[in-house]
Amino acid sequence: MAPEDRRVALIAATLPLLREYGTAVSTRQIAEAAGVAEGTIFGVFPDKASLLRAALMSAFDPQPAVDALAAIGTQVELRARLREAVTTLRTGMSVNANLMAAPRELMADDAEFHERMMDGRRRMLAGLAALVEPDRDRLRRSPEATAQLLLMLIAVSVHRGFGQGGEFGDMDDEEIVSVLLDGLLVRPSPPLRQEAPLDAAPPPAGSAQAVRERDHDRRALPVRADAGHALSPHTQR
């Protein structure tokens, strides 16, 4: 096996173990998972820390997520686009949730790793903003700000409020998109109108009951098709 192929194979064998055992995983466990002698690891990596660093770099590589966001395209409706984006990013974050502590343990002073993490976040935000861009005029915030809000909602749902409590773990993809676009207010169903008996006399003109019924009937008139609700209060399409 070529050295680069062996490197890739060792990283692939390390990742599941790193997710399960954290940085306490041993080179013996890695070698067994890779089907090689333990000494083979040190023919490719100078030490265990170097192998774990390479595995973390691979785990947090943003390119698969960036490619998946680009593949969604902008042909479908905004909510459908964002639901697919949320599914993609939540899946990746959930897989790596147990790895969040590893960089602090292994690479607290690793400037290159931190810069790559920041660059990966910028690229994912750019991918989300591109999905939102066609609907810029419908939103109160820019596509870039919308992308930041969405990424924060995804992260808080995956990491359960970052240890601060809160009922975030049960948020599904649909609810995340709804909270972003619709807010948190619950919209109650309108009360049912109580029908008067068929033989009942109409209320006197000008009475409070007559005024209430007139206002109710006006609200019940059909809304024109061109007066639909827009996400921004400033613009309607």
Side-chain angles (χ1 to χ4, degrees), residues 56-100 103 110-188 223-237:
L56 286 171
M57 289 283 199
S58 175
F60 290 112
D61 179 8
Q63 194 59 50
V66 171
D67 291 343
L69 291 176
I72 294 172
T74 57
Q75 301 304 309
V76 297
E77 187 268 336
L78 176 62
R79 287 179 189 272
R81 271 177 264 152
L82 294 185
R83 279 196 301 269
E84 190 169 347
V86 169
T87 299
T88 296
L89 296 182
R90 284 186 87 192
T91 299
M93 284 190 190
S94 298
V95 167
N96 289 329
N98 291 341
L99 296 180
M100 295 304 294
D110 192 326
E112 180 190 1
F113 178 79
H114 290 294
E115 177 54 35
R116 287 185 63 170
M117 289 286 287
M118 293 302 296
D119 179 65
R121 187 173 185 274
R122 287 191 290 266
R123 290 167 63 191
M124 283 190 286
L125 285 171
L128 286 172
L131 290 177
V132 175
E133 179 61 37
D135 293 272
R136 172 188 287 270
D137 293 341
R138 301 175 63 201
L139 300 168
R140 302 181 202 178
R141 297 289 176 175
S142 68
E144 293 74 21
T146 302
Q148 287 183 320
L149 287 170
L150 182 57
L151 195 60
M152 286 190 289
L153 285 170
I154 296 170
V156 83
S157 73
V158 171
H159 298 293
R160 305 296 194 272
F162 297 102
Q164 300 303 311
E167 300 174 357
F168 299 107
D170 62 348
M171 292 180 74
D172 58 20
D173 301 344
E174 180 74 32
E175 184 180 3
I176 289 174
V177 173
S178 178
V179 168
L180 177 74
L181 297 181
D182 305 320
L184 286 171
L185 285 178
V186 175
R187 290 163 176 77
V223 179
R224 299 199 326 269
D226 60 350
H229 171 71
L231 298 182
S232 170
H234 308 299
T235 59
Q236 289 190 351
R237 288 185 174 180

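Below, all heavy atoms of this structure are taken into account, side chains as well, without hydrogens, waters or symmetry copies.
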side-chain contact (heavy atoms from CB on, under 4.5 Å) with [X]: which residues, sequence neighbours excluded?
X    : value
A65  : L89, M124
A85  : L69, I72, L128, L131
A145 : R141, S142
A97  : V158, H159

Closest heavy-atom pair and its distance - A129, P143 =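 For A129 and P143, the tightest heavy-atom pair comes out as O-CB, 3.6 Å.
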Would a 4.5 Å heavy-atom cut-off, applied to side chains only, mark R121 and L151 as touching?
->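 The answer is yes, as the side chains (C-beta and beyond) meet within the 4.5 Å cut-off.
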Do L125 and E144 come within less than 4.5 Å of each other through their side chains, counting heavy atoms only?
->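 Not touching, per the 4.5 Å side-chain cut-off.
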Could you tell me the separation between the [atom1] atom of [X] and the [atom2] atom of [Y], rounded to the nearest 0.5 Å?
X    : Y    : atom1 : atom2 : answer
R116 : F60  : CZ    : CZ    : 12.0 Å
M57  : D61  : CE    : CG    : 10.5 Å
L149 : M152 : CG    : CE    : 4.5 Å

Can you list every pair that meets side chain to side chain donor-acceptor pair (under 3.5 Å) and has a residue in residues 65-75, with sequence neighbours left out?
->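 Sorted result for residues 65-75: Q63-D67.
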Under 3.5 Å, is there a donor-acceptor pair between the side chain of S94 and the main chain of T91?
->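 No; zero donor-acceptor contacts below 3.5 Å.
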Validation: residues 173-181 side-chain donor-acceptor distances under 3.5 Å, sequence neighbours left out:
unit_1, atom_1, unit_2, atom_2, d
D173, OD1, R90, NH1, 2.9
D173, OD2, T87, OG1, 2.5
E174, OE1, R83, NH1, 3.3
S178, OG, D182, OD2, 3.1

